[in-house]
Amino acid sequence: MSERVSVMIDEEKVDSRIRELGEKISKDYEGKTVHMIGILKGSVFFATELAKHITVPVTMDFMSVSSYGDGTCSTGIVKIIKDLDEPLEGKDVLIVEDIIDTGRTLSYLMKTLRHRKPASLHLCTLLDKPERRVVDDVKVDYTGFEVPDEFVVGYGMDYAQKYRNLPYIGVMHLEDD
Ligand code: IMP
Ligand code: MG
């Protein structure tokens with residue numbers, strides 16, 4: 001099997017969309033501090049780029065959860081691998097995710113984090129695959145792009161831990177040699 005990546009959303013489009021999201025979030029959080037929570041590792045590229053375009057104060061924390069193995073298929077099992085460093089009580093929390101697929105990860109995470117009593121809890125994702133959703137309690141507040149049901153890589157997203165560093169969003173093709 002050989003791996004090939006084709007461009008789905010080029011670098012310029014991704015960058016300008018992130019800029020727009022930053023402007024929108026800056027307006028919505030006027031007078032507040034955005035406490036961004038990046039979900040490791042996929043959201044790191046997006047979270048840091050987004051933070052650079054937010055003009056209100058930003059604090060950042062990261063957590064690592066896992067719902068996938070090394071392949072392309074959801075197991076439905078969510079575990080916290082690394083928890084947050086800081087408490088959330090009273091903070092205006094913005095969860096930043098790379099992609100929402102079935103929604104299982106975020107459904108579990110939002111419930112867990114709500115128990116920690118943040119002042120507000122919102123969700124921002126670079127990509128959303130709405131056709132793949134299997135839960136109905138995940139409300140996305142900020143979406144970069146809605147994408148069709150294809151396995152995407154780049155801009156933080158991986159296939160077997162590779163391709164996160166691509167500056168664009170690509171589609172992963174696995175081809176017989
Ligand atoms: P969900 O729980 O099914 O919504 O899965 C969400 C997580 O699965 C994302 O945060 C990604 O880490 C991973 N994921 C889902 N679809 C893709 C994809 O197309 N490419 C890379 N990772 C993906
Ligand atoms: Mg992820």
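Order of listing sets the numbers, starting from 1, for every ligand and every atom in it.
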[X]/[Y] ion pair, N-O < 4.0 Å:
X	Y	value
D98	R164	no
D137	K111	yes
R133	D128	yes

| field | Option passing side chain to side chain contact (heavy atoms under 4.5 Å, CB included) with F46 (candidates I39, V14, L127, I18) | value |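 Per the side chain to side chain contact (heavy atoms under 4.5 Å, CB included) rule, the option paired with F46 is I18, out of I39, V14, L127, I18.
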
| said: Is there a polar contact, in the sense of an N or O pair closer than 3.5 Å, between V152 and ligand 1? | reply: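 N/O-N/O distance under 3.5 Å: yes.
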
Just to check, does [X] reach to within less than 4.0 Å of ligand 1 when the distance is taken from its heavy atoms?
X	result
D158	yes
K129	yes
G103	yes
I99	yes

| task | Heavy-atom contacts with E97 under 4.0 Å: which atoms of ligand 1 show up? List them by number with element. | result |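 This gives 10 (O) as the contact atoms.
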
| query | With a cut-off of 4.0 Å, which atoms of ligand 1 are near a heavy atom of T105? | reply |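 The list of qualifying atoms is 1 (P), 2 (O), 5 (O), 6 (C).
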
| task | Kindly assign one of parallel, tilted or perpendicular to the pair Y29 and Y142, based on the angle between their ring planes and the thresholds 30° and 60°. | result |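 Y29 and Y142: tilted rings.
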
| said: Measuring from atom 18 (C) of ligand 1, which candidate in Y108, F151, Y159 has the nearest non-hydrogen atom? | reply: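 Checking each option, the heavy atom nearest atom 18 (C) of ligand 1 is found in F151.
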
| said: Please enumerate all residues that pass side chain to side chain contact (heavy atoms under 4.5 Å, CB included) together with S16, with sequence neighbours excluded. | reply: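 If we apply the side chain to side chain contact (heavy atoms under 4.5 Å, CB included) test to S16, skipping adjacent residues, there are no hits.
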
| Quick one: are K24 and K27 in side-chain contact, heavy atoms under 4.5 Å? |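 Answer no - side chains too far apart.
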
| field | Contact partition for E150 relative to ligand 1, non-hydrogen atoms under 4.0 Å | value |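 Just the backbone.
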
